[in-house]
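Naming: A, B, ... by sequence-line order, numbering from 1 per chain.
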Number of protein chains: 2
Amino acid sequence: MNAVCDHDHLHSGLDGARLDRALSEAEARVVSAGERMTPPRRRVLSLLLESGEPVKAYDLIARFGEDGQAAKPPTVYRALEFLERHGMAHRIASISAYVACAGQEVGGSHAAAFLICDCCGVTREIDGPGQDVIAAAGAAAGYAIARTTIEAHGLCAACRDAA
Amino acid sequence: MNAVCDHDHLHSGLDGARLDRALSEAEARVVSAGERMTPPRRRVLSLLLESGEPVKAYDLIARFGEDGQAAKPPTVYRALEFLERHGMAHRIASISAYVACAGQEVGGSHAAAFLICDCCGVTREIDGPGQDVIAAAGAAAGYAIARTTIEAHGLCAACRDAA
DNA sequence: GCGTTTCTGTTATGAGATAACATCACGGAC
DNA sequence: GTCCGTGATGTTATCTCATAACAGAAACGC
């Protein structure tokens, strides 16, 4: 995504049967939560899963129509909000982009931390101890922490080697 | 800042002699780094210090002129970039706002984590173990981490009690 | 079927940030 | 002192990101 280097990048999105399966599973989870996986929601999730890395909202808007027609911004933003609410997508605040949630098994909203390669865009979602540490630090300072944004930028192994 | 509650809030910015002293110290540090503390840079830093909590860029733009005249956006964004470069201000990505750096003693750029009260806006900068933990998790995944964004939202002790 | 709720389509606009270029001030070389 | 290079500022314009507001359509419960 960010062109801070000149070597080639592999891409890691889903396609074909794997994409279909992920979408079906997502739909099942949404339905079991008593909500609907409507066409725009499915479409936005599909675009995020196909990409496999953070995507800008206006890229989603541009790619929304299968026929090349762009969507109107609220269509995509509403879908993103829905997907975030169900823990299927996350906003990466530091780059104003959105990414499909890796751990689609887990239901509902969940904390997440991200490792983002500034070169190829590969993004790893980790649920390590980061949240615990920051929540503990917050508690020590008297804060009741409700939500954390943890984003680490750098180079992934492949890009470091290629550089 | 965010009006998610209805009780009163204390504010914690600098003023008078303490503000003057902070600005003088900042200028000394800039000069010793071989750069200049020009009027717009000083003005933006002053606004951030006076506020004591995260401020939106366009609020800085609106308050820039002592006479009530707004600045042009690049004036303020350039000053913010300069202050960030010198570790005197930080961008809070999750709310698109900027805050003066608490640890003005430390020179140069430094990692930081923030505890942000969604009610009164009070923001604590902590340099706890958060960065280390996330950097270690990144290293374990093969990433060379260059920069982290760590922002925890919740309620500070005062707002929790007042709620 | 009928009302309620939820979602979508659409228009418009608000908020955040930067590109590009002309001009101005500072500091060093001579 | 003056010339020149560098870096900062002023200014215009534009680009990107995100949401408010409201009308219409689809799904659901009864």
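- Considering only residues two or more places apart in sequence or on other chains, A/Glu35 meets the salt bridge (Lys or Arg N to Asp or Glu O under 4.0 Å) condition with A/Arg85.
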Scan nucleotides 13-17 of chain D against the protein and return all N/O pairs shorter than 3.5 Å with their distances rounded to 0.1 Å.
| unit_1 | atom_1 | unit_2 | atom_2 | d |
| --- | --- | --- | --- | --- |
| D/dC17 | OP1 | A/Lys56 | NZ | 3.1 |

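- Comparing the axis of the opening five pairs of the helix from C/dG1-D/dC30 to C/dC30-D/dG1 with that of the closing five pairs yields an angle of 30°, rounded to 10°.
- Taking a heavy-atom distance under 4.0 Å as the criterion, the stretch of DNA chain C touched by chain B extends 5' to 3' from C/dG16 to C/dC26.
- Remark: A/Arg21 pairs with A/Glu25 by the salt bridge (Lys or Arg N to Asp or Glu O under 4.0 Å) rule, at least two apart or across chains.
- No continuous path of ILVMFWY side-chain contacts below 4.5 Å connects A/Ile126 to A/Val133, so the two sit in separate hydrophobic clusters.
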With a cut-off of 3.5 Å and sequence neighbours excluded, list every side-chain donor-acceptor pair involving residues 66-83 of chain B.
| unit_1 | atom_1 | unit_2 | atom_2 | d |
| --- | --- | --- | --- | --- |
| B/Asp67 | OD1 | B/Gln69 | N | 3.1 |
| B/Thr75 | OG1 | B/Lys72 | O | 3.4 |

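- Of the possible polar contacts, one joining the A/Ser24 side chain to the A/Asp20 backbone as a donor-acceptor pair under 3.5 Å is found.
- Toward the 5' end of DNA chain C, the nearer of the two residues A/Ala79 and A/Lys72, judged by each one's closest nucleotide, is A/Ala79.
- One N or O on the side chain of A/Ser32 and one on the backbone of A/Arg29 form a donor-acceptor pair closer than 3.5 Å.
- For the pair A/Glu53 and A/Cys120, the minimum side-chain heavy-atom distance is 4.5 Å or more.
- For residues 128-151 of chain B, there are no salt bridge (charged side-chain N to carboxylate O under 4.0 Å, His left out) pairs, not counting sequence neighbours.
- Rounded to whole Å, the distance from CD on B/Glu35 to P on D/dG7 is 9 Å.
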- Note on the structure: The contact string for nucleotides 22-30 of chain D, one letter per nucleotide 5' to 3', using protein heavy atoms under 4.0 Å with B, S and - for base, sugar-phosphate only and none, comes out as -----S---
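- When the side chains of ILVMFWY residues are joined at heavy-atom separations under 4.5 Å, either directly or via intervening members, A/Ile134 and B/Ile145 end up in a single hydrophobic cluster.
- Within the 4.5 Å cutoff, no side-chain heavy atoms of A/Leu115 are placed close to those of A/Thr123.
- Side-chain heavy-atom separations under 4.5 angstrom define the hydrophobic clusters, and A/Val31 shares its cluster with no other residue.
- Under a hydrophobic-cluster definition in which Ile, Leu, Val, Met, Phe, Trp and Tyr are linked whenever side-chain heavy atoms come within less than 4.5 Å, directly or via other members, A/Phe64 and A/Val55 are assigned to the same cluster.
- Using modelled atom types, no side-chain atom of A/Thr148 and backbone atom of A/Ile150 make a donor-acceptor pair closer than 3.5 Å.
- Nucleic acid contact class of B/Pro39 (heavy atoms, under 4.0 Å, all strands): none.
- The stretch residues 61-68 of chain B has no heavy atom under 4.0 angstrom from DNA chain D at all.
- By the ring pair (Phe, Tyr, Trp, His ring centres under 6.0 Å) test, B/Tyr98 pairs with no residue at all, sequence neighbours left out.
- Partners of B/Thr38 by side-chain contact (heavy atoms from CB on, under 4.5 Å), not counting sequence neighbours, listed by chain and number: B/Arg36, B/Pro40, B/Arg41.
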